[in-house]
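Working notes for the structure below.
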There are 2 protein chains.
Amino acid sequence: MKKGEMKKQAHIESMKHYILENGLTKASLRNLAKASGTSDRMLLHYFQDKEDLMTEVLQAITQDLIDLLKANQTEPLPLNVLVPHLGKMLKEPAVKPYLRLWLELMAEASKKEEPYYSAARKIAASFKAFYREVLLVQKEESKEKMDALALVMVEGLVLMDALDFDEDINLALQALSK
Amino acid sequence: MKKGEMKKQAHIESMKHYILENGLTKASLRNLAKASGTSDRMLLHYFQDKEDLMTEVLQAITQDLIDLLKANQTEPLPLNVLVPHLGKMLKEPAVKPYLRLWLELMAEASKKEEPYYSAARKIAASFKAFYREVLLVQKEESKEKMDALALVMVEGLVLMDALDFDEDINLALQALSK
DNA sequence: CAATTTATGTAGCGGTTGCTACATAAATAA
DNA sequence: TTATTTATGTAGCAACCGCTACATAAATTG
């Protein structure tokens with residue numbers, strides 16, 4: 001890899017962390033530049049424009065999240081074990097920044113704003129792939145449906161978690177195990 | 001009601017519609033002023049500052065949404081009928097703006113930003129109240145849990161709908177009726 | 001070494017943001 | 001009618017935003 005390309009990748013690395021900690025709203029070129037020890041001028045040297053930059057950084061963040069999911073992959077579990085387990089994971093400090101960013105991404109995605117809509121769909125698709133691998137089901141013919149159910153439920157838990165509706169999270173999880 | 005107060009309420013009415021159509025991001029004082037035929041200068045005459053203004057407008061929108069929920073209140077339905085029914089409602093053009101705004105609100109709420117966090121919690125609480133009235137359950141002792149489950153599921157559906165993951169919505173709903 | 005490409009600084013443009021200072025006109029209260 | 005409160009206009013400030021023009025220094029390539 002060329003020297004310039006390496007610097008670009010290093011900047012992407014710094015910006016990833018900045019965005020995870022500070023969100024999309026704070027992600028101005030000047031702020032991102034400061035966070036990676038350079039100038040907005042230089043960022044626009046490495047990237048065509050801000051959309052191009054965000055596309056690359058969001059792609060990198062997406063990949064990290066996918067890796068993180070794969071790393072935490074146990075053997076397949078049934079729905080009423082897997083979903084509560086993921087429900088607990090939402091509380092972990094390492095996960096929280098991803099959830100905040102996920103919701104910010106979703107807000108943009110719901111307006112079909114690019115590159116956010118595409119990034120969000122890609123992430124959701126990787127969630128689906130995750131459930132496909134890690135959700136255990138009794139009747140094989142209902143696998144797809146249960147995957148979708150897990151996806152929908154965990155997304156719902158994410159929203160409730162953002163509002164600190166912990167009681168409802170627990171109640172919903174109890175309803176599931178019944 | 002005094003004359004000034006009436007004008008203020010009229011402005012709130014206009015701003016409600018503007019925000020529902022255009023989202024929080026576009027809701028600058030100048031844009032809101034234009035949308036209700038006045039100037040930013042005048043808005044800051046009626047409201048202390050932008051946060052005060054947003055608090056009042058979001059409160060009004062919340063009330064509208066609550067009224068809308070109450071209006072569409074049928075007799076109590078079981079979970080596997082109610083949730084699919086609400087799933088269909090997400091597609092309705094009259095509802096879409098509320099969903100977009102809801103997600104935008106949630107993105108702010110997840111950062112504990114005021115007045116958004118409080119507004120979002122209030123709206124979610126009214127959702128809970130809605131399920132309390134309209135969800136039919138067999139075993140009375142599991143009512144709370146089923147209410148929470150409905151809440152979580154429909155929120156999950158909202159997220160998936162924003163990404164146009166219609167297939168997964170349908171699959172999840174099928175998993176539910178089984 | 002010369003020519004060319006890549007890297008970086010400085011400065012600024014035209015736009016937006018929330019908000020304010022200073023003015024005056026209009027409505028209301030005494 | 002006079003005094004006081006309320007309404008409204010005009011203008012601008014300081015801080016941001018993405019982006020660009022113009023310069024030069026440094027590295028790479030022929």
Side-chain angles (χ1 to χ4, degrees), chain A residues 1-16 18-19 21-59 101 104-105 107-108 111 113-119, chain B residues 1-16 18-19 21-59 101 104-105 107-108 111 113-119:
Chain A
M1 184 158 39
K2 288 218 179 73
K3 216 162 150 194
E5 185 60 25
M6 286 198 51
K7 278 196 185 174
K8 179 175 171 174
Q9 291 306 320
H11 285 139
I12 289 179
E13 199 66 23
S14 318
M15 293 190 285
K16 256 170 41 185
Y18 178 85
I19 288 178
E21 287 310 308
N22 301 95
L24 296 179
T25 306
K26 295 275 193 69
S28 68
L29 289 177
R30 285 168 174 87
N31 284 346
L32 291 170
K34 200 184 301 175
S36 63
T38 181
S39 64
D40 56 338
R41 171 65 184 71
M42 283 312 294
L43 289 183
L44 290 171
H45 174 69
Y46 291 116
F47 303 92
Q48 195 176 337
D49 53 22
K50 201 197 176 184
E51 176 170 340
D52 177 37
L53 182 154
M54 290 304 291
T55 302
E56 292 215 37
V57 178
L58 287 176
Q59 220 150 66
L101 185 57
E104 220 174 339
L105 214 50
E108 297 301 316
K111 305 181 221 160
E113 290 271 350
E114 292 297 354
Y116 306 111
Y117 178 71
S118 298
Chain B
M1 184 159 40
K2 287 218 180 71
K3 216 162 146 193
E5 185 60 25
M6 286 197 50
K7 278 196 184 174
K8 180 175 170 176
Q9 292 305 322
H11 286 140
I12 290 179
E13 197 66 23
S14 319
M15 292 190 285
K16 256 170 39 183
Y18 179 85
I19 289 178
E21 288 309 309
N22 301 95
L24 295 178
T25 305
K26 295 276 192 67
S28 68
L29 289 177
R30 284 167 173 87
N31 284 346
L32 291 170
K34 199 183 303 175
S36 64
T38 181
S39 64
D40 56 339
R41 173 62 185 74
M42 283 312 294
L43 290 184
L44 290 169
H45 175 68
Y46 291 116
F47 304 91
Q48 195 175 335
D49 53 22
K50 201 198 175 181
E51 176 170 340
D52 177 38
L53 181 154
M54 289 306 290
T55 302
E56 293 214 38
V57 178
L58 287 175
Q59 221 152 65
L101 184 57
E104 221 173 339
L105 213 51
E108 297 302 316
K111 305 181 222 162
E113 291 271 350
E114 291 296 355
Y116 306 111
Y117 179 70
S118 298

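The sequence lines fix the lettering, A, B, ..., with proteins before strands; numbering per chain opens at 1.
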Indicate the atoms forming the closest heavy-atom contact of Lys50(A) with Leu44(A), along with that distance.
N-CD2, 4.4 Å
Between Lys7(A) and dT8(C), is there a side-chain N or O to OP1/OP2 distance below 4.0 Å?
yes
What's the CG-P distance between Leu32(B) and dT16(C), to the nearest Å?
15 Å
Roughly how many Å is it from CE in Met6(A) to C1' in dT28(D), rounded to a whole number?
17 Å
Could you state the CG-P distance from Asp40(A) to dG12(C), rounded to the nearest angstrom?
15 Å
Measure across Glu104(B) and Gly23(B) and return the closest heavy-atom pair with its distance rounded to 0.1 Å.
OE1-CA, 3.3 Å
Proximal nucleotide (of dT8(D), dT20(D), dC19(C)) relative to the Arg30(B) side chain
dC19(C)
Side chain of Arg41(A), heavy atoms from C-beta onward: which of dT10(D), dC22(D), dC19(D) has the nearest atom to it?
dC22(D)
Do side-chain atoms of Glu108(A) reach the backbone of Glu113(A) as a donor and acceptor pair under 3.5 angstrom?
no
Minimum-distance nucleotide to Ser28(B) side chain [options: dC17(D), dG18(C), dG18(D)]:
dG18(C)
Asn31(A) atom CG is separated from dA15(D) atom C1', nearest whole Å, by 12 Å
Note: Ala27(A) and Leu32(A) closest approach over all heavy atoms is O-CD1, 3.8 Å
Where is the tightest heavy-atom contact between Lys26(B) and Tyr18(B), given as atom of each residue plus distance?
O-OH, 3.2 Å
In short, Ala35(B) meets Ser14(B) closest at the heavy-atom pair O-CB, 3.9 Å
Contact list for DNA chain D against residues 42-58 of chain B - heavy-atom distance below 4.0 Å:
Met42(B), His45(B), Tyr46(B)
Counting only side-chain N and O atoms of Ser39(B), is one of them less than 4.0 Å from OP1 or OP2 of dT8(D)?
no
Nearest-angstrom distance from the residue atom CG of Leu29(B) to P of dG18(C):
4 Å
Do Asn31(A) and Asn22(A) come within less than 4.5 Å of each other through their side chains, counting heavy atoms only?
no
How is Thr38(A) classified with respect to the nucleic acid when contacts are heavy atoms under 4.0 Å: base, sugar-phosphate, or nothing?
nothing
